[in-house]
Amino acid sequence: MNNIQLEWITMAAGIALVFIGLWGILTQKSILKIIVGFSLFDTGTHVILVSIGYIKNRTAPILDEAVDASQAASQVVDPVPQALVLTAIVIGLGITALMLSFALQLKKKNQSLEISNLKDLKW
Amino acid sequence: MVKKIIILVVLLVLAMMFWNMFSGIPVQNVLPEVSEYYAKNEPAEVGAANLVTAVVVTYRGLDTLGEVSILFLSAAIVGLLLGFQSKTEKRKLRKTSELLLTAAKILTPVIVMLGVYVFINGHLTPGGGFQGGAIIAAALVLALMADPLRKISHGFISFVESTSGFIFVFIGILEIFLAGGFLDNSILPLGEFGAILSAGAIPIIYSFIGLKVGAELSSIVSNMQEAQNITEYE
């Protein structure tokens, strides 16, 4: 069990989420399920980004009693990916709300959420 | 059949790209140069105990401004799209259960208070404006679930949103003239490291970001509630 390390688990989980999300986007027929796929894809990239910033045996980038401010550079994990993910989560929420309201409009217009019934832009 | 093969090929190509990254673990053993600079000089330059907050609000403050604008844009488009809904179709709902009503009455103020706590302490503990704003919007979701007929005042939401956005940008521009540059937080004294009133202007800026994000998410939620067009209970 010693071989299984935290960074492997987090990155594998993130990659798995990305794959489930992309598979859902490509194969599902219902728009709501495609939106769920986008959401999973989004979450997966967040997990991968945070796991890239992880450094073994280090702690969260908050300078309190646990971390000496003068030694911080050798004790904390990378704060930059965490800051990126922090903003990406909120943007993801906004985009999901946007997609859901588009889906609501489509449902009102076509009485259906199946993408095979949406032929307006099909050539 | 062809479609399935294409999907499989796309997933396989992505898998190859990820395999390079996955086999490169551990990605790094020391901090990259930029992060190392942040970790070494942040206590003297910015004075926030939370490095992530220092990066989000001060070092990369311009990104945060852009990000808040994206959130505003998506909230505005949601409002626009849901405004097109025809108001002829009406929905009736079952009356909310006593449990949810009572729980919402007790919990909503507490959740709002937690949100305010999270964004006021954003420079000291995990959390900040975005998380606090999201918690405040969650309180609104609970209140709306308990009382789906409740009318949310759009005037108030847009007042909070535009005022806090204006103050955020105004403080940022003020800092060009009074401090080192756009969103440089040393306009106020840095104070004692780790105290609640420290890190210069960060607590003020992050509080207004929290209010702005909370107002934007609340406007998304209340637009979605109005699109349901619930008029009465059964």
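Numbers restart at 1 for each chain; the letters A, B, ... are given by sequence-line order, proteins then strands. Worth saying up front: this structure is predicted, and the values here are computed from it rather than measured.
The structure places CG of A:Leu93 at 7.5 Å from CG of B:Leu71, a figure rounded to the nearest 0.5 Å. Atoms CG and CD1, on A:Leu98 and B:Ile77 in that order, are 5.5 Å from each other to the nearest 0.5 Å. To the nearest 0.5 Å, the span separating CG on B:Leu82 from CZ on A:Phe102 amounts to 10.0 Å. With rounding to the nearest 0.5 angstrom, the CD1 atom of A:Ile95 is 7.0 Å from the CD1 atom of B:Ile70.
For the pair B:Val10/A:Leu22, a side-chain contact is recorded, criterion being any heavy-atom separation below 4.5 Å from C-beta on. Side-chain contact check for B:Phe130 versus A:Ile89: every heavy-atom pair is 4.5 Å or farther apart. Within the 4.5 Å cutoff, no side-chain heavy atoms of B:Lys3 are placed close to those of A:Leu26.
In this structure, no portion of B:Glu216 lies under 4.5 Å from any heavy atom of chain A. If you measure heavy-atom distances from A:Val77 to chain B, the contacts under 4.5 Å come from the backbone alone. Residue contact with chain A, scored on non-hydrogen atoms closer than 4.5 Å, involves the side chain of B:Leu217 exclusively. Contact of A:Ala12 with chain B is made through backbone and side chain together, with heavy-atom distances under 4.5 Å. In this structure, chain A has heavy atoms under 4.5 Å from both the backbone and the side chain of B:Leu14. Using a 4.5 Å cut-off between heavy atoms, B:Ala54 does not touch chain A at all.
Within a 6.0 Å sphere centred on CZ of B:Phe72, heavy atoms belonging to other residues, nucleotides or ligands number 12 at most. Taking a 6.0 Å sphere around CD of A:Glu114, one finds it holds more than 12 heavy atoms contributed by other residues, nucleotides or ligands. Within 6.0 Å of CE in B:Met145 there are 12 or fewer heavy atoms belonging to other residues, nucleotides or ligands.
Screening B:Val55, B:Val52, B:Thr53 for a side chain to side chain contact (heavy atoms under 4.5 Å, CB included) with A:Leu86, the sole residue that qualifies is B:Val52.
Of the listed residues A:Val80, A:Ile15, A:Leu84, A:Thr27, the one with more heavy-atom pairs under 4.5 angstrom with chain B than any other is A:Ile15.
Residues B:Ser74 and A:Gly94 share a closest heavy-atom pair of OG-CA, 3.7 Å.
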